[in-house]
Amino acid sequence: MIEELNNYNFLTENDNLLLKTYNLGFEKKQILIIVVNREKSLNAVNIDILKSLVNILKHVKNDSNILSIILTGAGTKAFIAGADIKSMSTYDPEDAYKYSVLGQDLVKLINSFHKPIIAAVNGYALGGGCEIASACHLRYASENSIFGQPEVKLGIIAGWGGTVNLKRLIGVGNATKLLISGDTINCDEALKMGLVNMVFPLENFLSLVIKEVKRFCQNSPNAIKNTLFSINSSNDDESYRTESDLFRDSFKHEDSRIGISAFLRKEKPKFK
Ligand code: CAA
């Protein structure tokens, strides 16, 4: 499906992102499809990808031909399996703080965006992947999708708005359970909880999502813009600040070294 779409006319120097467009068939209007393309690492998101996503969205803000954006992952196994744990293994607390703030810049930009941004979750949406999906205006999931916030198993906390946005979507109780258990849930549980809006078969998943998104593109862009603004106008600045401060603090604690190195050795962590 991706191969059949047109290339988007914006030069991203980042090989880990593919930008495609779907023509809506009227007045040159399009849907932009952003694909995180790091399949071998299950589309884990590193600093460069975060920065490029922010740059692309800032550009698209002024492109009146793009009416909506779909964010998805390459392949059929993962949407985004989280922040890049391999790079995080070298981070000191200040690096971790910057990584958290950068991820929060992205999720805040997504959440406050004036055109609908839809997460097409095609597999694992874990940690930062679940946080990016949660910041999107809608989440459509394939039937193999798996959601979770496993940061506590790495000895750290969610750092890209998970402690802020999840509770808005699924309530404090469900958010707390996901965030402190590190449990994963499948698409049916996610649908029941309100974490996803709809579930589609994996076969032709992107086409089915596009078909659904096309329907919104018939509506007034101005009315959609104002609706999104009104829904998402809460001021969560203090909560975001608390989260990034505590994300930094988790890198001062030995549990982060125990958890992250256990993941890299493919072992279970033994916290003291
Ligand atoms: N970062 C970096 N690499 C990752 C990754 C991640 N988040 N997730 C998977 N990978 C890599 C694996 O290390 C592996 O690489 P190698 O082939 O070089 O060993 C490759 O992707 C394939 O992964 P697995 O072999 O582990 O595949 P699997 O099918 O056995 O398991 C999985 C899949 C359950 C998703 C497992 O990969 C996993 O648990 N990944 C980590 C998920 C996670 O903890 N995410 C949260 C990250 S922290 C975070 O996001 C913080 C924040 O809030 C900002």
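Just so you know, ligand 1 is whichever comes first in the structure, and atom 1 is the first atom listed for that ligand. Note that the structure is predicted; figures quoted are calculated from it, not measured.
- The nearest pair of heavy atoms linking F147 to A141 is CZ-CB, 4.1 Å.
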For ligand 1, which of its N or O atoms have a protein N or O partner closer than 3.5 Å, and how long is each gap?
residue	atom	partner	partner atom	Å
ligand 1	1 (N)	A83	O	3.4
ligand 1	1 (N)	I85	N	2.9
ligand 1	7 (N)	A81	O	3.1
ligand 1	7 (N)	A83	O	2.9
ligand 1	15 (O)	K86	NZ	3.3
ligand 1	18 (O)	K86	NZ	3.1
ligand 1	19 (O)	K266	NZ	3.0
ligand 1	21 (O)	K40	O	3.4
ligand 1	25 (O)	K266	NZ	3.4
ligand 1	29 (O)	K77	NZ	2.7
ligand 1	45 (N)	A81	O	2.9
ligand 1	50 (O)	A83	N	2.9
ligand 1	50 (O)	G128	N	2.8
ligand 1	53 (O)	E131	OE1	2.6
ligand 1	53 (O)	E151	OE2	2.7
ligand 1	53 (O)	G159	N	3.0

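- In this pair, F200 and F205 present their aromatic rings tilted. The plane angle is within the 30 to 60° band.
- No side-chain donor from either of N222 and S220 sits under 3.5 Å from a side-chain acceptor of the other.
- Ring pair Y8/H59 is perpendicular by interplanar angle, where above 60° counts as perpendicular and below 30° as parallel.
- Looking at V101 and Y97, their side chains come closer than 4.5 Å, going by heavy atoms from C-beta outward.
- Classification of the F216-Y140 ring pair by plane angle, with boundaries at 30° and 60°, yields tilted.
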